[in-house]
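Source: prediction; values computed, not measured.
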Amino acid sequence: MLNKNWHKRVNLLLLAVFISVVSFAQTAYKINEIPDPKNNGGGYVSNPDGILSSDDVSNLNTTIADFESKTNLQLAVIIVNDFDHDKEDFDFAYELFNTWGIGQKTSNNGLLLFISKDRRKYRFITGTGTEGILPDVTLKHTAENYLIPAFRENDFGKGIINTVDALGVIILKPENKSELNQFFTQITKGNNDWENVWLPTAIILLVFFGIFKIIKRQAKNISGSQFIKKPSSDLAIAKGCAVLFFIVFISIFVIVFTESFELLKKIRLTHIPIILYSILAIGLFFRYLFYISSLRKAHNDDENFFNEVKTFHKRNWWLIFFSPIILIAIIIHLIKRNKTADRFKPILDSKKNEMIRMDRDINIEGKPFLSLGQRKEETIKTYDYDIWESADHKEHIIKAWPAENYEDYVECPSCSFRTYKLKKRETVTEATYSHEGQAKLINECGFCKHTEFIKWITLAMLVKSSSSSGSSSSSSSSSSSSSSSSSWGGGSSSGGGTGGSW
């Protein structure tokens, strides 16, 4: 009896050891542990656990190769017992799809069927160029009709082959086949697209070239332009580069922080005229602003400035068709002009006769009516002064209007002009990489130079940043990893597809 119990315990122990060994030998694959069939004979099926027979694998490879030869679509089939327990089936399949780069890089026409036997999970992942032909609902319907029924009978070969054949019926339909081939060829045959691109591109360039020439000619005729200091060509180029850099920087910022890289992949040759128009429209808007700025510099007198802008808008209202954002600037200018309508209405003298407003483009200094303090206020733009004089030159009235920098100054306690700057920081010693700097905080009058000391300020020592080199190496590493990640076509997925269990 004791001997029988001893044998029973030994048998149970051996059984437990055998089960544990089998369980230990069962591989839960990581992404980099899944064998890539492209590196093992150039097939399409990864079957590391031998779940499918060699005949099934051969059958599938032949069928899928035929799909690719006729439509350029790349289909990968992966079946394993188990996979990384830290990942869900979607995350694992999605990462594997992009790691291998299933599908063509130029069209993202890839499709992955991932199956985990032990977890009883299947997952389709589609490339962005495949989603139109094989939407999620079609893949779900196909799996429910062909994949799941066979899997429930543990016939995995039959389920996958029937599913692939059913997908083939859809893929090889003439209209779908044509669309897939179009996705593939729309970049590789880009030279043909130039036939539809070069003419509108040339027209856009010529039209905008003419528009810029018209505005440039008008700029030369600005009255009072002789008083404007002309920028050097180097300065003009620098300003243009600064504007271009700003636009590029904002574009990159938006793409990176909104994860819009997929939008870049959808850009085609046929989009060039639209992109070119958008860039030139923005450039025309900045040219318009520069012209208005030139008018402002040419006219010290506000009424003359507003009249010149009004004339320009009447003559060039059609610019809004080539750069619609100019309309916003025009509306803003009209609002400002309406706010100053009462400012330029004639004032009556003591005899009830209309007085004459002095043209400040002729008498810029406002002599002999404005004091030096009032002129300083005009210079720093806290007040604009209108000078009205009677026809017989015996009376005059000075009216003050708040200017652009009115809120930045207060009345000086010493001279009473609005030229007193509060909390102005004046650097005494510049901060460097080796020592701190020092500045003083003061209130100072721009006219009489009355100064009130507030306190000393310590300027922090400069610190050299290492973020640029770090980000550079990181970017380089990422690029290297990406470029050597797979031997497929280099396609990617944005997460389309479907999945389920049986």
Side-chain angles (χ1 to χ4, degrees), residues 229 231-261 264 279 282-283 285-286 289-290 292-293 296-297 325 329 332 372-373 375-384 402-482:
K229 184 179 179 182
S232 67
S233 59
D234 290 343
L235 181 59
I237 292 173
K239 287 183 177 180
C241 290
V243 171
L244 181 61
F245 175 80
F246 176 77
I247 294 173
V248 171
F249 175 80
I250 292 297
S251 301
I252 293 174
F253 180 87
V254 170
I255 290 171
V256 171
F257 286 90
T258 60
E259 298 181 349
S260 304
F261 293 102
L264 294 178
I279 294 173
I282 293 172
F285 174 70
F286 281 108
L289 293 180
F290 179 77
I292 300 300
S293 174
R296 178 71 276 182
K297 292 176 182 177
I325 48 180
I332 292 174
L372 294 177
R375 184 59 192 144
K376 183 64 179 180
E377 288 175 322
E378 283 192 327
T379 303
I380 63 175
K381 299 185 181 301
T382 55
Y383 280 116
D384 286 324
E404 294 97 309
N405 299 331
Y406 179 83
E407 298 295 339
D408 296 337
Y409 293 82
V410 297
E411 287 189 6
C412 174
S414 177
C415 65
S416 299
F417 291 108
R418 197 176 185 92
T419 52
Y420 200 54
K421 184 75 171 178
L422 299 178
K423 296 183 179 180
K424 177 183 176 183
R425 193 170 80 170
E426 190 174 281
T427 301
V428 177
T429 306
E430 295 282 356
T432 68
Y433 291 107
S434 58
H435 62 77
E436 297 175 333
Q438 195 174 42
K440 56 183 179 180
L441 198 64
I442 59 174
N443 297 331
E444 183 180 44
C445 178
F447 176 62
C448 70
K449 302 304 178 184
H450 171 76
T451 305
E452 179 185 357
F453 175 81
I454 301 176
K455 64 178 180 179
W456 288 100
I457 300 174
T458 300
L459 304 178
M461 190 168 61
L462 301 179
V463 178
K464 292 182 180 179
S465 172
S466 59
S467 60
S468 59
S469 61
S471 98
S472 169
S473 64
S474 169
S475 169
S476 162
S477 166
S478 169
S479 171
S480 170
S481 168
S482 164

### Query
Considering all heavy atoms of both residues, which atom of Ala403 and which atom of Asp384 are nearest to each other, and what is their separation?
CB-OD2, 3.8 Å
## Note on the structure
Heavy-atom nearest pair, Glu444 first then Lys424, reads OE1-NZ, 2.6 Å
### Message
Let me confirm one number: the OG1-CD distance from Thr427 to Gln438, rounded to the nearest 0.5 Å.
### Response
10.5 Å
### Query
With a 4.5 Å limit on heavy-atom distance, are the side chains of Phe417 and Lys376 in contact?
no
### Summary
Value for CG (Leu459) from OG1 (Thr429), rounded to nearest 0.5 Å, stands at 8.5 Å
### Heavy-atom pair with the smallest gap, counting every atom of Leu422 and Asn443
CA-OD1, 3.3 Å
### Summary
Output for pair (Lys423 NZ, Lys455 NZ), nearest 0.5 Å, gives 8.0 Å
### Task
Can you measure from CD1 (Ile442) to CD (Glu452) and round to the nearest 0.5 angstrom?
10.0 Å
### Task
Could you tell me whether the side chain of Pro413 reaches within less than 4.5 Å of the side chain of His450, counting heavy atoms only?
yes
### Query
Can you tell me how far CG of Asn405 sits from OH of Tyr383, rounded to the nearest 0.5 angstrom?
13.0 Å
### Query
With a 4.5 Å heavy-atom cut-off, do Phe447 and Ile380 have their side chains touching?
no
#### Entry: Heavy-atom pair with the smallest gap, counting every atom of Tyr406 and Thr382
CD1-O, 3.3 Å
### Query
Counting N and O atoms only, with roles assigned by atom type, does the side chain of Thr379 sit under 3.5 Å from a partner on the main chain of Arg375, one being a donor and the other an acceptor?
yes
### Query
Which pair of heavy atoms, one from Glu377 and one from Thr419, lies closest together, and at what distance?
CG-CG2, 3.8 Å
### Query
Do Leu441 and Arg425 come within less than 4.5 Å of each other through their side chains, counting heavy atoms only?
yes
### Task
Check Cys448 against Cys412 and note the closest heavy-atom contact, atom names and distance.
SG-SG, 3.7 Å
